[in-house]
Amino acid sequence: MDIYYILIYLSAFSFLYYSINSIFSKRLILEFERWGYKKYRYIIAIFQFLASISFIIGMYYSLLISIVSFLLFIMMVVAIFTRVKVKDSLFEILPAFFYALLNLVIFIKSII
């Protein structure tokens with residue numbers, strides 16, 4: 001298996017896991033409130049869930065991978081700015097930075 005597909009699966013399953021936790025995890029429920037996104041938690045979770053499923057479907061429709069990876073990149077850039085705004089530590093910002101970079105790499109690879 002090509003590293004490109006491993007990156008796609010890593011992103012897909014990470015966002016699937018995170019979307020489910022966004023609904024059920026008490027810690028994440030409190031985090032969404034702290035970030036100021038309490039009323040958008042379900043919408044964000046649904047988007048992340050659909051993105052993870054779209055990545056898997058995208059294995060057969062490459063345009064879908066380009067779209068989803070770009071949208072997740074944008075979402076993670078917003079997450080970075082949100083974490084900076086609430087004065088999170090660099091350690092707390094690193095996961096959002098990692099997933100922004102991961103999805104940017106997937107996006108670039110998908111269009112070249």
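For this chain, numbers begin at 1 and follow the sequence in order.
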* To do: Report whether Leu28 and Phe98 are members of the same hydrophobic cluster (ILVMFWY, side-chain heavy atoms less than 4.5 Å apart, transitive linking).
  => yes
* Asked: Considering all heavy atoms of both residues, which atom of Ala45 and which atom of Ser19 are nearest to each other, and what is their separation?
  -> O-CB, 3.2 Å
* **Crowding at OH, Tyr4 (>12 non-hydrogen neighbours, <6.0 Å)** => yes
* Is the backbone of Ile8 close enough, under 3.5 Å, to the side chain of Ser11 for a donor and an acceptor to pair up by distance? -> no
* To do: Indicate, with yes or no, if Phe15 and Tyr40 share a hydrophobic cluster defined by side-chain heavy-atom contacts under 4.5 Å among Ile, Leu, Val, Met, Phe, Trp and Tyr.
  => yes
* Going from OG on Ser52 to OH on Tyr9, what distance comes out if it is rounded to the nearest 0.5 angstrom? -> 12.5 Å
* Nearest 0.5 Å please: distance from the OH atom of Tyr37 over to the CD1 atom of Ile44. => 7.0 Å
* Asked: Which heavy atom of Arg41 sits nearest a heavy atom of Ser22, and at what distance?
  -> NH1-O, 2.8 Å
* Side-chain heavy atoms of Arg34 within contact of Asp88, under 4.5 Å -> yes
* Structure fact -> The single option from Leu64, Asn103, Leu16, Leu50 that satisfies side chain to side chain contact (heavy atoms under 4.5 Å, CB included) with Phe55 is Asn103
* Asked: Quick one: are Ile23 and Phe49 in side-chain contact, heavy atoms under 4.5 Å?
  -> no
* Structure fact -> So CG of Leu102 and OG of Ser14: to nearest 0.5 Å the spacing works out to 7.5 Å
* Say you draw a straight line from CG of Leu10 to OH of Tyr5; how long is it, rounded to the nearest 0.5 Å? -> 16.0 Å
* **Whether over 12 other heavy atoms sit under 6.0 Å from Tyr18 OH** => yes
* Asked: Taking the six-membered ring for Trp, are Phe70 and Phe73 parallel (under 30°), tilted (30 to 60°) or perpendicular (over 60°)?
  -> tilted
* Asked: Is there a donor-acceptor pair closer than 3.5 Å between any side-chain N or O of Glu92 and the backbone N or O of Ser89?
  -> yes
* CG/Leu63 to OG/Ser110 distance, rounded to the nearest 0.5 angstrom? -> 8.5 Å
* To do: Indicate yes or no for a side-chain donor-acceptor contact from Ser69 to the backbone of Ser66 under 3.5 Å, with no hydrogens or angles considered.
  => yes
* Hphob cluster co-occupancy, Leu71 + Tyr61, side-chain heavy atoms under 4.5 angstrom -> yes
* **Reported CH2-to-CZ distance for the pair Trp35 and Arg83, which is rounded to 0.5 angstrom** => 4.5 Å
* **Leu7 to Val105 - nearest heavy-atom pair and separation** => CD1-CG1, 4.0 Å
* To do: State, to 0.1 Å, how close Gly58 and Ile65 come at their nearest heavy-atom pair, and which atoms those are.
  => O-CD1, 3.3 Å
* Asked: Out of curiosity, does Tyr17 fall in the hydrophobic cluster containing Phe47 (side-chain heavy atoms, cut-off under 4.5 Å, transitive links)?
  -> no
* To do: Kindly work out whether a path of hydrophobic side-chain contacts (I/L/V/M/F/W/Y, heavy atoms less than 4.5 Å apart) joins Leu90 to Leu101.
  => no
